[in-house]
There are 2 protein chains.
Amino acid sequence: MFEQLRGPVQDLPRHARIRRSGDRVQGVFVLLRGWVFSSVELPNGQRQILKVHLPGDILGAPSIVLPRAMETLSAATLVTVAPVPLSAFGVLQAEAPRLMASLFLSSQQERVMLSDRLAAVGRTPAAQRFAALLLQLHDRLAGPATGTVSLHVPLTQEDFADLLGITSVHVNRILRQLLSAGLILRRQYDYTFDPERLREFSGMPRREWIRNPAWLYPAPGQA
Amino acid sequence: MFEQLRGPVQDLPRHARIRRSGDRVQGVFVLLRGWVFSSVELPNGQRQILKVHLPGDILGAPSIVLPRAMETLSAATLVTVAPVPLSAFGVLQAEAPRLMASLFLSSQQERVMLSDRLAAVGRTPAAQRFAALLLQLHDRLAGPATGTVSLHVPLTQEDFADLLGITSVHVNRILRQLLSAGLILRRQYDYTFDPERLREFSGMPRREWIRNPAWLYPAPGQA
DNA sequence: CGAGTGCTTGATGGCAATCAAACACCGTGG
DNA sequence: CCACGGTGTTTGATTGCCATCAAGCACTCG
């Protein structure tokens with residue numbers, strides 16, 4: 001559906017700004033390839049990364065209720081994105097109400113993830129948040145798994161710092177702490193760990209998601 | 001619309017749990033009177049309050065994508081609430097697509113507010129977050145104002161602590177710091193301050209909201 | 001009038017920030 | 001070919017925000 005409504009595809013290098021905080025909101029973007037950060041910049045020059053977006057994600061949706069964008073969208077890797085104008089939502093709303101309901105649901109899912117982050121940043125030490133971040137990335141990239149897993153995470157320690165709400169110096173100390181505790185292994189940007197042990201350490205609950213709620217898909221096959 | 005779909009009204013005393021984290025999700029609630037906290041509980045027994053809900057708010061919406069509730073809903077004051085079953089969303093989706101789109105928008109607004117909180121908790125000292133909290137409550141209760149304003153906030157310092165992600169002891173020290181700096185006045189649970197000065201101190205941007213986006217309400221009067 | 005709740009203040013300690021300085025790696029240009 | 005700046009990583013020393021522990025006070029309520 002979005003494919004018909006979206007604009008021309010663009011390739012952008014790492015560190016490129018797809019949209020800056022404060023820009024007039026023209027619409028949203030669809031991420032087709034690569035990783036994108038959505039972040040907030042603070043008056044003192046620091047930034048807090050709100051979310052790492054993976055391919056398939058819709059970028060910049062929260063700002064559709066604002067005249068000027070709240071978040072900066074920046075390319076964490078080489079990326080491919082496509083713009084989607086605001087008018088697309090008008091089309092969806094009129095012609096695909098069920099898809100609109102499904103967008104509503106996915107934004108609730110985003111609220112759950114943001115809430116978990118808020119609780120973690122407010123209440124748990126940085127080492128546990130780092131563990132939780134690795135786990136969450138693995139879940140989103142590969143789904144639940146058992147036994148030791150490997151994960152390629154093309155993020156610098158500076159990126160981790162902005163995600164976790166700490167400094168890059170401290171990221172390094174924590175990483176070293178997890179390495180010497182044997183909780184993770186690392187070679188370059190490849191991380192290896194046991195999800196079970198890491199989850200226990202992180203203290204984060206495992207979340208199950210309802211994919212097709214009964215109220216939206218009344219009886220399988222009738223749709 | 002919700003009035004037709006909701007269940008019987010209930011009155012609950014302060015500290016009552018409307019729904020506990022982990023409960024099976026039956027639906028959402030509408031808050032008719034009083035203040036309600038939605039909070040997450042952590043393994044170590046601490047809690048992080050995600051949001052203070054004011055009358056008119058929908059409670060527990062994020063958990064509709066989960067089999068078991070993520071947030072605990074607890075009464076901050078004497079409250080009146082009414083349950084809304086999940087099936088109500090099916091009715092809305094089928095019969096009131098525009099209302100569904102409007103729910104989608106308000107959940108984006110919640111994402112913006114959560115994002116601001118996340119950035120604040122991750123990146124700013126507690127005194128500034130306290131200032132931001134007072135401002136946000138004032139904006140939601142009374143709308144933008146100029147000159148000195150007064151605000152009744154029926155929250156204990158323990159409540160503030162769980163909202164800000166600090167301890168109640170530290171809330172007290174920060175409150176005293178703001179008082180002696182002349183940024184706020186307080187008598188009992190009534191706070192008086194100058195929004196301009198407090199906003200400058202807090203470092204939070206002022207947010208404008210789009211109420212009726214063109215794509216949802218194409219031409220004023222046609223709807 | 002004792003128990004509970006909420007507020008206040010002091011002393012001490014820890015997690016993480018800040019400041020500082022190397023080191024490795026890489027692409028560029030003289 | 002090597003010098004060079006830029007980016008990213010690593011480690012040490014010091015500082016500061018906030019947690020923790022502790023204790024006292026005010027107020028309300030059964």
Side-chain angles (χ1 to χ4, degrees), chain A residues 13-16 37 42 44-48 74-78 119-131 133 153-181 184-191 201-203, chain B residues 13-16 37 42 44-48 74-78 119-131 133 153-181 184-191 201-203:
Chain A
R14 193 164 93 101
H15 287 166
F37 297 134
L42 289 104
N44 59 14
Q46 296 185 331
R47 70 169 179 174
Q48 170 73 47
S74 49
T77 65
L78 173 67
V121 169
R123 295 298 192 183
T124 64
Q128 293 179 39
R129 304 209 297 273
F130 187 94
L133 174 57
V153 184
L155 305 182
T156 67
Q157 295 185 9
E158 190 107 20
D159 294 332
F160 280 121
D162 289 337
L163 269 161
L164 300 174
I166 60 180
T167 60
S168 63
V169 172
H170 200 58
V171 168
N172 188 275
R173 294 193 217 276
I174 278 163
L175 185 51
R176 231 124 265 295
Q177 182 183 321
L178 293 177
L179 287 170
S180 68
I184 60 178
L185 292 176
R186 185 188 55 139
R187 204 167 53 189
Q188 304 283 57
Y189 291 93
D190 293 310
Y191 297 81
F201 173 77
S202 78
Chain B
R14 192 164 93 103
H15 287 167
F37 297 134
L42 290 104
N44 58 14
Q46 295 185 329
R47 71 168 179 173
Q48 171 72 48
S74 49
T77 65
L78 174 66
V121 170
R123 295 299 192 183
T124 66
Q128 294 179 38
R129 304 209 297 273
F130 187 94
L133 174 57
V153 183
L155 305 182
T156 68
Q157 294 185 8
E158 189 109 20
D159 294 332
F160 280 122
D162 290 337
L163 269 162
L164 300 173
I166 60 180
T167 60
S168 63
V169 173
H170 201 58
V171 167
N172 189 275
R173 294 193 217 275
I174 278 163
L175 185 51
R176 233 125 263 297
Q177 181 183 322
L178 293 177
L179 288 171
S180 69
I184 60 178
L185 293 175
R186 185 188 56 140
R187 204 168 53 189
Q188 304 283 58
Y189 290 93
D190 293 309
Y191 297 81
F201 173 78
S202 77

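Below, chains carry the letters A, B, ... as their sequence lines are ordered, and counting in each starts from 1.
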(message) List the residues meeting salt bridge (charged side-chain N to carboxylate O under 4.0 Å, His left out) with A:R123, not counting sequence neighbours, and say none if there are none.
(response) B:D162
(message) Using the side chain to side chain contact (heavy atoms under 4.5 Å, CB included) criterion, which residues pair with B:D190? Sequence neighbours excluded.
(response) B:H152
(request) Extract, from 5' to 3' on DNA chain C, the first and final nucleotides lying under 4.0 angstrom from some heavy atom of chain B. (result) C:dG6 to C:dA11
Please write out the pairs of protein N or O atoms and N or O atoms of nucleotides 14-24 of chain D separated by less than 3.5 Å, giving the distance to one decimal.
| from | atom 1 | to | atom 2 | distance (Å) |
| --- | --- | --- | --- | --- |
| D:dC18 | OP1 | B:A126 | N | 2.9 |
| D:dC18 | OP2 | B:H170 | NE2 | 3.2 |
| D:dC18 | O5' | B:H170 | NE2 | 3.3 |
| D:dA19 | OP1 | B:T167 | N | 3.2 |
| D:dA19 | OP2 | B:T167 | N | 3.2 |
| D:dA19 | OP2 | B:T167 | OG1 | 3.0 |

(message) Within this structure, what is the CG-CG distance for the pair A:L163 and A:L133, rounded to the nearest 0.5 Å?
(response) 5.5 Å
(message) Run the side-chain hydrogen bond (donor to acceptor under 3.5 Å, both in side chains) test against A:Q157 and tell me which residues pass, sequence neighbours left out.
(response) A:N172
(message) Rounded to whole Å, please give me the gap between CZ in A:R176 and P in D:dT9.
(response) 11 Å
(request) For A:V153, enumerate each residue passing the side chain to side chain contact (heavy atoms under 4.5 Å, CB included) test, keeping only those at least two apart in sequence or located in another chain. (result) A:W35, A:L134, A:L137, A:L151, A:L155, A:F160, A:Y191
(request) Check whether any side-chain N or O of A:N172 sits under 4.0 Å from OP1 or OP2 of D:dT9, and answer yes or no. (result) no
(request) Compare all side-chain heavy atoms of B:I166 with those of B:R129 and state whether any distance is below 4.5 angstrom. (result) yes
Restricting both atoms to N or O, compile the protein contacts to nucleotides 28-30 of chain D shorter than 3.5 Å, with distance only.
none

(request) Would you classify A:Y189 as touching base, sugar-phosphate or nothing, given that sugar-phosphate means primed atoms plus P, OP1 and OP2, and contacts are heavy atoms under 4.0 Å? (result) sugar-phosphate
(request) Measure the shortest side-chain to side-chain distance between B:P154 and B:Q188 over non-hydrogen atoms and say whether it is less than 4.5 angstrom. (result) no
(request) Please list, chain by chain and in numerical order, all residues satisfying side chain to side chain contact (heavy atoms under 4.5 Å, CB included) with A:T167, sequence neighbours excluded. (result) A:V169, A:H170
(request) Name all residues meeting the side-chain hydrogen bond (donor to acceptor under 3.5 Å, both in side chains) criterion together with B:T77; count only those two or more places apart in sequence or in a different chain, and write none if there are none. (result) none
(message) B:S168: which residues meet the side chain to side chain contact (heavy atoms under 4.5 Å, CB included) condition with it, sequence neighbours left out?
(response) B:E158, B:A161
